[in-house]
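See below for the structure under consideration.
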Amino acid sequence: MTDTPAPTSDATPTRDYSATLNLPATDFPMRAGLPEKEPKLIARWDEMRLYERLRDTARGREKFVLHDGPPYANGHLHIGHALNKILKDIITRSRQMMGYDSNYVPGWDCHGLPIEWKVEEEYRAKGKNKDEVPINDFRAECRQYAEGWIKVQAEEFRRLGVEGDFANPYTTMAFSSEAVIATELLKFAVSGQLYRGSKPVMWSVVERTALAEAEVEYQDYQSDTIWVKFPVTSGAPELAGASVVIWTTTPWTIPGNRAVSYSPKIAYGLYEVTEAPEGNWAKVGERYVLADALADAVFKQAKVTGHIKLAAVAADALSSVTCAHPLSGLGGGYTFDVPLLPGDHVTDDAGTGFVHTAPGHGREDFELWMEHGRDLAARGIDATIPFTVDDGGYLTADAPGFTGRRVLTDKGDKGDANQAVIEALAAAGAMVARGRLKHTYPHSWRSKKPVIFRNTPQWFVYMDKPIGNGPVGDTLRARALKAIDDTAFYPPAGQTRLRSMIENRPDWVLSRQRAWGVPIAVFRNTETGQLLPGPDFAHNDAYAGRLREAFLAEGADAWFADGAKERFLSGFVDDLGPWSQVRDILDVWFDSGSTHEFVLKGRPDLKWPADVYLEGSDQHRGWFHSSLLESCGVNGVAPYKAVVTHGFTMAEDGRKMSKSLGNQVQPQDVIRQSGADILRLWVASTDYWEDQRIGKKILDANSDAYRKIRNTVRWMLGTLAHYDGAAVAYADLPELERLMLHKLAVVGAEVVEGYKEYDFKAVFSSILNFMNIELSAFYFDVRKDALYCDPKSSLKRRAALHVVATLYDHLVKWLAPLTPFTAEEAWLERHPGEASSIHLELFPDVPEEWLDAALDDKWEKVKKVRRAVTGALEIERREKRIGSSLEAAPVVHVEDADLLAALDGLDFAEICITSQITVTEAPAPEGAFRLDDGTPVAVEPRLAEGRKCARSWKILPEVGSDPDYPDVTLRDAEALRELAAGS
RNA sequence: UGGCCUGUAGCUCAGGUGGUUAGAGCACACGCCUGAUAAGCGUGAGGUCAGUGGUUCGAGUCCACUUAGGCCAACCA
């Protein structure tokens with residue numbers, strides 16, 4: 001170590017040689033200004049008809065089809081849409097660049113309730129009533145509404161950089177789509193998979209319409225409550241003569257009672273009334289089965305003054321019990337057996353511990369009843385659910401003894417049904433007690449009047465009925481499960497999730513009592529129940545053809561136009577009289593579940609099945625599910641080969657975004673402030689298979705990453721301003737250049753693998769790390785000297801330029817699917833031209849010869865020694881002995897033969913960016929710098945000797961020895977000579 | 001309440017079949033450079049791998065439970 005002052009201190013005044021250097025020069029700005037630049041690039045792509053060019057370029061290539069799951073045409077994009085569409089765009093762009101013809105056709109889901117609501121809302125604002133508007137006028141307004149939002153959303157998707165056939169998207173409401181959807185449904189009818197069943201739905205008597213859960217609001221309401229005896233008729237002998245007691249707030253549902261539910265988790269007891277007032281409903285000597293926790297309350301309500309518990313009743317004993325209906329004495333209408341069924345929904349918080357179960361009047365009741373369908377059949381019990389209440393809230397003939405009584409009036413007030421039922425129960429001696437209860441009860445959003453649960457006819461598809469004449473066990477469920485096994489899932493858990501849903505799901509309910517949708521275009525014979533079309537109908541094809549023609553010309557409105565019955569049925573049946581036209585529409589899930597038919601099969605530029613579907617994980621229940629069932633029902637297999645799912649986007653703290661918390665991130669805001677490429681980088685950086693987070697901090701971090709990428713690209717562009725495009729043969733490249741090509745090849749493999757496996761964060765981190773660690777912090781830093789200062793003729797310089805051009809070309813192409821705007825901007829810097837676009841390029845080949853693991857190993861050793869040198873220089877810097885590393889000329893004692901060999905033949909000073917360096921195997925002096933990780937290298941941090949070169953800033957003894965250029969190194973003098981000769 | 005999933009440094013992510021002091025990039029702190037300059041380079045400090053209990057010679061990695069969170073279970077898409 002020397003203490004002599006730095007020899008630069010007395011150097012001659014430095015001449016400014018910067019004009020003689022090959023410094024980076026580019027118009028590619030450091031600051032992107034993406035919010036302004038991106039729309040211009042979109043306009044450019046429009047102008048050059050990039051989409052058409054992409055298709056032309058790829059014509060004849062193998063197709064790779066990502067089928068777009070249609071968003072609902074309602075409202076502006078939110079962050080979830082942005083994530084979804086950007087992921088899809090990354091996939092189609094990367095596949096296109098891998099050499100496929102990867103066409104993307106965006107689509108929209110148009111039918112359904114939310115749009116009906118909006119249109120209805122507009123009606124209400126104008127004081128119009130939906131029911132007074134002709135249905136096809138109403139449908140036309142819904143169509144118009146959807147069209148408006150499709151335009152808005154298409155622009156918003158394009159602003160994200162999404163490339164696709166936005167001029168010809170698909171919609172579920174296109175006439176051609178409606179024709180396919182309707183005829184697809186007919187296929188289910190023809191193969192016998194469609195049947196008419198029933199299900200309870202929320203029903204508003206006032207509006208005479210079914211309501212969705214979201215159309216219902218809960219308000220306080222005073223209900224009549226009753227406690228009713230169900231006499232035990234068989235089962236546990238110890239309960240002979242006793243009654244099971246139920247409690248209900250809807251006495252009018254008693255005629256619909258078919259079972260009593262109990263819970264195996266509740267303690268029950270057998271009780272006897274020992275003391276009661278004269279004329280009381282509950283009489284001395286009567287025995288009741290009740291939940292222990294509720295017995296006292298029940299007896300109190302029943303005005304019983306004395307009771308005893310005779311025995312505990314085990315839940316096991318209840319399972320085989322059958323009761324009589326409390327009205328079994330009434331005109332013979334209720335003589336069926338009422339079974340006890342175990343139900344998890346039963347609690348002992350309120351009531352009696354037994355729940356009156358009317359499968360036509362409650363969701364849980366219905367589900368419990370359907371669940372036990374087979375057991376009931378085995379017990380000889382008819383599982384048919386009665387239609388006890390009609391549209392107007394009147395009890396029907398299915399409620400013998402009460403026909404014509406009314407649950408609710410047209411104004412939503414209580415009718416006479418409850419009173420009639422209570423009187424009948426009292427007359428039958430079945431009442432234990434009655435009361436009133438104020439509780440929350442569902443009301444219609446529109447009329448603010450109470451609603452009821454009412455059994456209604458619905459259309460179902462069998463999950464477990466053998467299909468057609470196929471093999472035994474060929475059911476929709478079996479087909480779907482097989483199809484799931486044959487599908488690849490990213491992430492794999494999606495397979496489990498979808499499988500368990502298909503395994504457990506009930507029959508598919510297709511019908512909705514709504515206006516805006518595709519009809520279930522079938523007829524039903526009201527006398528025989530026969531369906532048309534159907535397995536036994538001779539004119540299935542002709543009927544489907546007639547329907548298709550009509551829908552293609554007029555859309556599904558044709559079904560709702562006057563005279564539809566004659567139009568579609570005449571000539572196919574002898575007597576039109578008994579045939580009733582089904583007016584229900586299809587669940588919109590059937591619409592979107594059919595997109596593969598009218599998009600993938602319907603367009604020659606696509607193919608069926610799709611290579612991949614990509615949606616949020618909620619679509620296991622939605623689009624993945626309905627598409628699978630629809631296709632399995634019709635085609636027998638899934639419409640997709642692979643399913644990719646993404647999680648949901650959370651706020652920065654990992655919790656759900658919500659308006660009230662004010663933690664929402666809107667894609668429009670991100671685009672306005674930072675640009676779509678920043679949002680896209682966020683998508684690329686995240687583990688989207690799981691839920692992701694987004695927020696200011698995270699977006700800032702992505703902006704930083706973007707800047708790093710941009711600056712690295714910018715430096716390459718600036719450097720390449722001095723490149724004449726001449727290639728240097730691989731064999732002539734210096735080791736450092738070959739090392740970079742090796743590293744690039746490794747990154748390339750990771751990038752392509754990442755794109756193939758839909759693992760974009762791997763692509764992102766691979767590129768970013770390479771740029772940071774290998775390029776910016778190492779290769780570029782080392783090579784600046786040669787690139788800036790070497791003579792034009794220098795092989796090292798020419799080789800470096802060639803390799804920088806190669807790095808640039810590969811990296812920018814690999815980035816193109818992630819950041820299409822910036823990649824295009826960078827591309828055009830070097831490849832200008834009206835027809836030029838990076839998106840028309842393919843991912844570049846990576847020559848086999850670039851891979852050189854031995855070289856990589858060797859340079860790992862070089863870098864190890866380099867770390868020791870930079871470590872030593874850091875100490876010098878701290879001690880203020882040097883500033884720039886060029887002020888140093890360390891002596892490096894390498895105490896390991898392998899490490900020493902690795903340095904052989906290399907200009908190690910250049911690699912360490914020092915002016916001079918001495919590598920020696922001589923023993924190191926005491927106090928030499930060592931890394932504390934045990935690297936067998938010691939460094940003496942000496943100062944460089946000589947004068948500072950005014951051009952390259954290196955400090956070398958040779959400076960001053962050239963007579964023409966006395967203030968520079970010999971290398972720089974040579975460069976200046978060449979320059980002078982050239983100019 | 002049930003089905004599926006997740007919790008590794010401030011942030012985003014790596015951590016095949018369990019095996020040395022748990023890694024990277026960014027951010028942060030400090031320093032250098034001033035010919036990538038609203039840039040570039042270096043060094044450093046950050047983690048009881050959500051918690052508890054088990055299996056094991058040994059667990060971030062396997063099991064159970066707990067806890068926090070997400071999706072689904074709607075005539076919602």
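Values below: every heavy atom of this structure, side chains too, minus hydrogens, waters and symmetry copies. Because the structure is predicted, anything quoted here is derived from the model rather than measured.
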Spell out yes or no: do the side chain of [X] and the base of [N] have one donor N/O and one acceptor N/O closer than 3.5 Å?
X: A:Thr26; N: B:A36; result: no
X: A:Lys784; N: B:A36; result: yes
X: A:Trp715; N: B:A39; result: no

Self-check item: N or O in side chain of A:Lys708 less than 4.0 angstrom from B:C41 OP1/OP2
Solution: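 Yes, within the criterion.
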Quiz prompt | Nearest-nucleotide pick for A:Gln458, side chain only, options being B:A36, B:A77, B:C75 | solution =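 When the side chain of A:Gln458 is considered, B:C75 is the closest of B:A36, B:A77, B:C75.
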Practice problem: Name the closest nucleotide to the A:Arg31 side chain, picking from B:C41, B:A38, B:G25. | Solution: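 Nearest to the side-chain atoms of A:Arg31, counting from C-beta on, is B:A38.
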Quiz item: C1' atom, B:C5 versus B:A50: distance in rounded Å?
Solution: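 Per the computed distance, 16 Å lies between those C1' atoms.
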Self-check item: Interatomic distance at C1', B:G18 relative to B:C63, whole Å
Solution: 13 Å
Quiz item: Which residues, if any, of residues 490-499 of chain A bring a heavy atom under 4.0 Å of RNA chain B?
Solution: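 Close to the strand are A:Ala493, A:Arg497.
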Quiz item: If we require ring centres under 5.5 Å and near-parallel planes under 30°, does A:Tyr17 stack on B:G35?
Solution: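 So A:Tyr17 does not count as stacking on the base.
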Quiz item: Is the Lys NZ or Arg CZ of A:Lys743 less than 6.0 Å from the centre of A:Phe770's six-membered ring, within 45° of the axis?
Solution: no
Quiz item: With under 30° as parallel and over 60° as perpendicular, where do the rings of A:Phe624 and A:Tyr613 fit, or are they tilted in between?
Solution: tilted
